Amino acid sequence: MSKSNNTNTIYFGDNLEVIKTIDDKSIDLIYIDPPFNTGKKRKLTSIKTIQSNEGDRVGFKGNKYKTIKLGSKAYDDKFSHDFFIHEFLKPRLIEAYRVLSSRGSFYFHIDYREVHYCKILLDEIFGRECFLNELIWAYDFGGRSKKKWAAKHDNILLYVKDPSQYTFNLSEVDRIPYMAPGLVGKEKALRGKFPTDVWWHTIVPTNGKERTGYPTQKPRGIIDRIIKVSSNEGDLIMDFFAGSGTIGESCLVNNRRFILIDNNREAIEVMKKRFNKHEIKWLNIGG
């Protein structure tokens with residue numbers, strides 16, 4: 001597969017088999033959000049509400065609303081630890097390293113349960129000198145544990161192919177407000193500051209315009225920041241755990257090309273609806 005191919009492509013099939021067909025050093029940026037190995041069934045139920053005197057919810061001015069279930073999407077997120085790290089992830093990460101360009105970056109999105117094991121694995125494949133950051137995506141939504149501090153963050157490990165040359169367009173990043181604007185002066189406060197390695201950003205709102213109905217959908221704000229800072233216009237981006245296809249949507253908006261891969265039929269159906277107005281090459285690998 002040549003980097004000069006300008007067609008955005010989405011594959012339905014085993015990501016390992018697809019990545020093996022991609023040319024060495026042909027991908028400028030890789031972002032993946034693999035299964036977190038939570039040991040649970042991940043599920044999202046889509047609902048809508050209508051005003052009704054017999055409703056089960058109370059809304060604005062005390063009006064009652066009835067909840068209507070539209071449907072659910074779910075998948076199992078459970079592997080043995082050794083299988084998850086050594087048999088599932090490792091061969092895919094080795095292939096990711098091979099196809100990443102000399103100026104390329106690799107963003108690995110995981111959570112606190114597996115991040116320490118995954119970093120050791122990535123250090124082995126990329127080299128510790130190629131580790132750039134551990135980003136913390138912090139949010140404040142969902143239930144609260146009464147037995148421990150509530151876990152409200154994900155971890156994103158950032159590695160580069162070559163620490164002496166990699167794309168990092170800091171000037172393209174979205175600036176954020178100062179926490180204490182009175183300490184920096186009016187001019188700086190109005191301009192805002194560059195984000196650090198802790199990113200405060202809400203999840204995709206339940207009833208927001210971004211919501212596709214896919215259980216693990218990530219917000220555009222997080223993905224856009226990664227795309228704009230770690231790639232240039234026209235670059236080729238890959239996500240081989242594509243899910244709802246947020247990487248693809250960000251690439252379309254920010255003038256990048258993309259390769260998306262997923263073996264979940266529900267993910268493919270979500271992406272077909274999401275990209276129904278765009279010219280996409282759809283390929284089915286393995287039947």
Side-chain angles (χ1 to χ4, degrees), residues 1-19 21-22 26-35 42-50 67-75 77 99 107 109 174 201-228 230-287:
M1 181 181 297
S2 171
K3 182 178 174 179
S4 62
N5 179 9
N6 290 318
T7 304
N8 293 316
T9 307
I10 299 178
Y11 291 88
F12 173 46
D14 182 350
N15 53 18
L16 182 58
E17 296 307 310
V18 176
I19 303 170
T21 70
I22 296 175
S26 61
I27 307 295
D28 300 295
L29 169 63
I30 300 174
Y31 164 92
I32 61 169
D33 173 24
R42 304 293 288 268
K43 183 177 181 180
L44 178 73
T45 300
S46 299
I47 62 172
K48 72 174 182 179
T49 56
I50 59 172
T67 302
I68 299 175
K69 182 177 177 180
L70 300 177
S72 297
K73 293 182 173 66
Y75 69 90
D77 186 10
V99 302
Y107 285 79
H109 192 145
D174 50 313
H201 195 290
T202 187
I203 65 170
V204 180
T206 304
N207 296 316
K209 292 182 179 180
E210 281 189 49
R211 175 63 71 179
T212 65
Y214 197 75
T216 58
Q217 182 182 353
K218 298 304 182 291
R220 271 279 308 280
I222 294 294
I223 300 303
D224 283 351
R225 184 179 290 176
I226 290 170
I227 294 288
K228 290 190 287 188
S230 290
S231 68
N232 298 309
E233 289 194 7
D235 278 355
L236 182 57
I237 319 299
M238 181 167 70
D239 179 355
F240 52 87
F241 291 99
S244 66
T246 303
I247 282 286
E249 183 173 279
S250 180
C251 286
L252 290 170
V253 170
N254 292 294
N255 196 26
R256 273 73 165 168
R257 298 170 295 130
F258 64 80
I259 295 172
L260 305 181
I261 311 168
D262 209 295
N263 68 348
N264 185 326
R265 189 170 294 280
E266 288 184 350
I268 298 299
E269 292 304 316
V270 167
M271 287 190 280
K272 283 183 177 179
K273 291 179 182 178
R274 196 170 194 177
F275 301 129
N276 65 349
K277 296 181 180 180
H278 298 278
E279 183 178 348
I280 307 290
K281 185 176 182 179
W282 298 86
L283 294 176
N284 189 336
I285 302 299

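Computed over heavy atoms, backbone and side chain alike; hydrogens, waters and symmetry mates excluded. Everything quoted here is computed from the prediction, not taken from an experiment.
Evaluated for a side chain to side chain contact (heavy atoms under 4.5 Å, CB included) with L29, the options D239, I226, N232 yield exactly one hit, I226. Of the options Q217, E266, R274, a side chain to side chain donor-acceptor pair (under 3.5 Å) to S244 is made by R274 and by none of the others.
Here the closest heavy-atom approach between residue I227 and residue S231 is recorded as O-OG, 2.5 Å. Here the closest heavy-atom approach between residue I10 and residue F258 is recorded as CG1-CE1, 4.0 Å. Minimum interatomic distance between K218 and V204 (heavy atoms only, all atoms of both residues): C-CG2, 3.6 Å. Between I261 and G13, the closest heavy-atom pair is CG2-O, 3.9 Å. Between T21 and V18, the shortest heavy-atom contact is OG1-O, 2.6 Å. Minimum interatomic distance between L236 and S26 (heavy atoms only, all atoms of both residues): CD2-O, 3.6 Å.
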Report task. Determine, step by step, whether I22 and M238 satisfy the side-chain contact (heavy atoms from CB on, under 4.5 Å) criterion, reporting the C-alpha distance in whole Å, the side-chain angles of both residues, the deciding distance to 0.1 Å, and the verdict. Result -> CA-CA 11 Å; I22 296 175; M238 181 167 70; 3.6 Å; yes

Query - side-chain contact (heavy atoms from CB on, under 4.5 Å) assessment of N8 paired with C251 - result: CA-CA 10 Å; N8 293 316; C251 286; 5.8 Å; no

Requested in this report: Test side-chain contact (heavy atoms from CB on, under 4.5 Å) on I223 and I247 and set out the steps.
Outcome: CA-CA 7 Å; I223 300 303; I247 282 286; 3.5 Å; yes

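Distance check, rounded to the nearest 0.5 Å: CG of L252 to CD of E279 gives 11.0 Å. Put simply, CG on L260 and CD on E249 are 11.0 Å apart, with the number rounded to the nearest 0.5 Å. Of the inter-residue distances, the one linking I285 atom CD1 with E17 atom CD reads 9.5 Å to the nearest 0.5 angstrom. Separating the CG atom in D262 from the CD atom in E269 is a distance of 12.0 Å, to the nearest 0.5 Å. Rounding to the nearest 0.5 angstrom, the gap separating the CZ atom in F12 from the NZ atom in K272 is 9.0 Å. Taking CE of M271 as the reference point, atom CD1 of I280 lies at 10.0 Å (rounded to 0.5 Å).
Residues W282 and I268 meet the side-chain proximity criterion, which asks for heavy atoms closer than 4.5 Å. Contact annotation: the side chain of V99 approaches that of I30 to within less than 4.5 Å [non-hydrogen atoms, C-beta and beyond]. With contacts defined as side-chain heavy-atom distances shorter than 4.5 Å, the pair R257/T9 does not qualify. A heavy-atom distance below 4.5 Å is found between the side chains of N15 and F241.
One finds no salt bridge joining K228 and D224 here, because no Lys/Arg side-chain nitrogen approaches an Asp/Glu carboxylate oxygen to under 4.0 Å.
Of the possible polar contacts, none joining the N254 side chain to the R256 backbone as a donor-acceptor pair under 3.5 Å is found.
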